[in-house]
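This report refers to the structure that appears directly beneath it.
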Number of protein chains: 2
Amino acid sequence: MTIRDLAEAAGVSVTTVSQILNGKGERFSSDTQARVLKLQEKLGYVPDYNARNLIMRSTQTIGVLVPNLANPFFSMFIKGIQLASQDNKFIPIIFDANQNQALQNMYLEELIKRAANGLIIASATLDANDIDRILTRNGIPYLLFDQNDAQIGDRVWVDDYKGGQIAANYLLAAGHRKLTLLVPDDITQNIRQRIKGFESVMTKYRLAFSEEMMIKTPMTKLGGYQAVDQLIAKQSTAVFCINDEMAIGVYRGLQERGLRVPDDISVMGYDDIDLANFVAPKLTTIHQPAFEMGQVATELLIERIQNPRLPHQDKQLPLELVVRDSVKSNP
Amino acid sequence: MTIRDLAEAAGVSVTTVSQILNGKGERFSSDTQARVLKLQEKLGYVPDYNARNLIMRSTQTIGVLVPNLANPFFSMFIKGIQLASQDNKFIPIIFDANQNQALQNMYLEELIKRAANGLIIASATLDANDIDRILTRNGIPYLLFDQNDAQIGDRVWVDDYKGGQIAANYLLAAGHRKLTLLVPDDITQNIRQRIKGFESVMTKYRLAFSEEMMIKTPMTKLGGYQAVDQLIAKQSTAVFCINDEMAIGVYRGLQERGLRVPDDISVMGYDDIDLANFVAPKLTTIHQPAFEMGQVATELLIERIQNPRLPHQDKQLPLELVVRDSVKSNP
DNA sequence: TTGTATGCGTTATCAG
DNA sequence: CTGATAACGCATACAA
């Protein structure tokens, strides 16, 4: 079933069919138009995607690289991407890099091969300069997450520094003085900002802040869980988990050891995944607008694709403190 | 940067370049080979994906339709798909149908347009016959989930009937007699099997089973949460949630009303998402091998793509009871 | 109002 | 060992 078959069946030329099917057929008799359209339906003709793109020089595709699909934050992020893509007649191709550098590179190459029109990279383990070198060489616009200080390309961001400050302020205002942070081994820019923000508040109140206060562990439920013994050893009254997933793990670890949240130790998260509202006690956290971040990122990227010489774009989205039940006052 | 540019730069013909780059260049002098390879690297030549596929008649792409990306079961399912795809040099294009029929149809068409070589459809709201009509017409092999009784195409499945039986047996053995089921409004085949299996055990023990025992609510955390008032009204001693997400919602609802799991009411789930092991109390559930299901589905599909006249394939994966702490014995 | 001819970038065929 | 040429299916400039 090619355009030629359809043209033959309709008794017209391929040009006629092509034009009509692409909405440029005003000039043909409505009779011809109807006939072609009807025959297309009947024969189930679908233009060959590759042939079409070969001429059009566009795949209407954007590539998306996330570190972990199973993290609800990224699920929402992706849902935002899908919605915005759909609105703009683009299709996202999503890859879960699985926190694996080699895999990430492979996917990156694959996306280039497939001539993705643009990329959203929310995977932290690649070096920003590498990415830039590879992508600009191929003329592919892209948008980087977790690497906020890279001056390259457009930018969608939340003020993680402020996020860290909000967390610290809240915990201090609740009377906590002995604090611990749960952070990943591989500290990306956005995480660093959170920590720095947190530190700035501590410093402001002339409280000590040191490496000692941080426990390094993977940003997963399991990671949080595994950090609990260290956490207890620190005898803190509150812990700030750099994402909610970790906090869920901490909940479990504390509970298994007979400790209660927030009575024995207060827990604060970051992200505000939907689960945060379903655990007991409900998790106090900082809300990141994951869905909107995906949406806006996609919109910016597509604008850039459609107009490469647009001025640099920068969009900040708001963070928000969500007070629930996992932090106790005046310990 | 086309193959022609590269050929020119290397002082050879496009044929030479093409052959060498496609691993069919044994017959060329190793000098020529080296030169071409080196120049490709240097100039960063990447074969045009569309032109290539136009000739090769393959996109090395499979389409994937899931109802909800944010459900951990599907996250794992997708991770399985990605791994198996990667092993076979295929790329999955993933769509979250968002439990929306229209969206689903749109994505289905999009995947056909993009000449996906095969499809994995784990979205329940489409009619199996519609799908079959559309896809067989386009000669696209596919694999359906949640529609186990459809005799069409290959099949990867778990014995949901048995799953339902396992759940019922476990609850009955624990001494529960007053039971409630949380089920979705739109009951797909696999869900129906679970219910039937559950029913079969009740019947075997001459216990009543009726519509009255079922509460219809969305298969989400929120859905479970919203069903709690009805659940309490039924004065059951145990509830079987048709997936774990619902169970999480039930936990919260019960807790907010001062009821305790499992002391006041026992809760059982289905899926065994990783979260099940992190809630308090840990959720007793039926383990579905989501990751393997994705993997196996992908493998079967790709085999089918590569050999369309293969005999019908059928692969069953095991279910497993996972006993944790959310069901109390001898109430 | 319709059709012809050309080219997109690649691979495959076959002749040197 | 190498290269000229056809073909893939489509859209479009140009002709009629």
Side-chain angles (χ1 to χ4, degrees), chain A residues 1-40 43-61 89 109-110 112-117 138-140, chain B residues 1-37 39-40 43-61 89 110 112-117 138-140:
Chain A
M1 243 302 113
T2 78
I3 196 174
R4 211 132 43 199
D5 301 326
L6 179 52
E8 213 158 300
V12 296
S13 77
V14 291
T15 307
T16 309
V17 175
S18 175
Q19 303 264 0
I20 291 177
L21 262 39
N22 287 305
K24 297 172 184 171
E26 315 88 13
R27 57 193 178 117
F28 297 98
S29 73
S30 54
D31 176 48
T32 311
Q33 292 190 39
R35 198 161 24 137
V36 169
L37 255 16
K38 202 163 139 199
L39 240 54
Q40 168 193 30
L43 302 179
Y45 166 74
V46 179
D48 183 280
Y49 175 75
N50 290 311
R52 188 167 215 273
N53 285 153
L54 176 56
I55 287 210
M56 303 297 226
R57 329 206 78 39
S58 164
T59 51
Q60 294 293 106
T61 296
K89 311 275 180 203
E109 289 203 5
E110 189 62 38
I112 294 174
K113 271 197 215 141
R114 297 199 168 230
N117 293 139
N138 289 281
I140 302 177
Chain B
M1 245 300 114
T2 77
I3 196 174
R4 210 132 43 204
D5 300 327
L6 179 51
E8 214 157 301
V12 295
S13 75
V14 291
T15 308
T16 308
V17 174
S18 175
Q19 304 265 1
I20 291 177
L21 262 39
N22 287 302
K24 297 172 185 172
E26 316 88 13
R27 57 194 177 117
F28 297 98
S29 73
S30 55
D31 176 49
T32 311
Q33 293 190 38
R35 198 161 26 137
V36 169
L37 256 15
L39 241 54
Q40 168 192 29
L43 302 179
Y45 165 73
V46 179
D48 184 280
Y49 174 75
N50 290 310
R52 188 167 214 269
N53 286 152
L54 176 56
I55 285 216
M56 304 293 229
R57 330 207 75 43
S58 164
T59 52
Q60 294 294 104
T61 297
K89 312 276 181 204
E110 189 62 37
I112 294 174
K113 269 195 218 145
R114 296 197 169 232
N117 292 138
N138 288 282
I140 302 177

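We name chains A, B, ... by the order of the sequence lines, and we start the count at 1 in each one. Note: hydrogens, waters and symmetry copies are ignored here, and every other heavy atom, side chains too, is used.
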If you look at every strand shown and take non-hydrogen atoms under 4.0 Å, does [X] touch a base, only sugar-phosphate, or nothing?
X: Asn22(A); value: sugar-phosphate
X: Arg27(A); value: base
X: Tyr45(A); value: sugar-phosphate
X: Thr16(A); value: sugar-phosphate
X: Thr2(B); value: sugar-phosphate

Of Val17(B) and Ser13(A), whose nearest nucleotide on DNA chain C comes first from the 5' end?
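Comparing both residues, the 5'-ward one is Ser13(A).
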
Spacing of [X] atom [atom1] relative to [N] atom [atom2], expressed in whole Å:
X: Ile20(A); N: dT12(D); atom1: CD1; atom2: P; result: 14 Å
X: Glu8(B); N: dA4(D); atom1: CD; atom2: P; result: 12 Å
X: Gln19(A); N: dT4(C); atom1: CD; atom2: P; result: 14 Å
X: Tyr49(B); N: dT11(C); atom1: OH; atom2: P; result: 14 Å
X: Ile3(B); N: dA4(D); atom1: CD1; atom2: C1'; result: 14 Å
X: Met1(A); N: dC8(D); atom1: CE; atom2: C1'; result: 17 Å
X: Asp5(A); N: dG9(D); atom1: CG; atom2: P; result: 9 Å
X: Asn53(A); N: dT10(C); atom1: CG; atom2: C1'; result: 15 Å

Between Asn117(B) and Thr59(B) (side chain of the first, backbone of the second, donor and acceptor by atom type, cut-off under 3.5 Å), is there such a pair?
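The answer is yes, because a donor-acceptor pair under 3.5 Å joins these two groups.
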
Check whether any side-chain heavy atom of Leu21(B) lies under 4.5 Å from a side-chain heavy atom of Gln40(B), and answer yes or no.
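Yes, side chains in contact.
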
Closest to side chain of Met56(A), choosing from dC10(D), dC8(C), dA11(D):
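Of the candidates, dA11(D) comes closest.
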
When you measure from the side chain of Arg4(B), which nucleotide among dA11(D), dC8(C), dT11(C) comes out closest?
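The closest nucleotide is dC8(C).
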
Residue met sooner reading DNA chain D from 5', once Thr32(B) and Ile55(B) are mapped to nucleotides
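With Thr32(B) and Ile55(B) compared, the 5'-side residue is Thr32(B).
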
Taking the nucleotide of DNA chain D with the nearest heavy atom to each, does Leu54(B) or Phe28(B) sit closer to the 5' end?
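The residue mapped nearer the 5' terminus is Phe28(B).
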
Check whether any side-chain nitrogen or oxygen of [X] sits under 4.0 Å from OP1 or OP2 of [N], and answer yes or no.
X: Arg57(A); N: dG9(C); answer: yes
X: Lys24(B); N: dT11(C); answer: no
X: Arg52(B); N: dT11(C); answer: yes

Leu54(B) side, atom CG; Leu54(A) side, atom CG - distance, nearest 0.5 Å:
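Separation between the atoms: 6.0 Å.
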
Looking at CZ of Phe28(A) and CD of Gln33(A), how far apart are the two atoms once the value is rounded to the nearest 0.5 Å?
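Answer rounded to 0.5 Å: 8.0 Å.
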
On the side chain of Thr15(B), is there an atom forming a donor-acceptor pair with the base of dA4(D) - under 3.5 Å, no angle test?
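Side chain to base: pair present.
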
Hey, are Thr15(A) and Ser18(A) close enough side-chain-wise for a donor-acceptor pair under 3.5 Å?
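There is no such pair (donor and acceptor under 3.5 Å, judged by atom type) between the side chains of Ser18(A) and Thr15(A).
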
Can you name the one residue among Thr32(B), Val17(B), Ile20(B) that meets side chain to side chain contact (heavy atoms under 4.5 Å, CB included) with Leu37(B)?
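Exactly one candidate clears the test, Ile20(B).
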
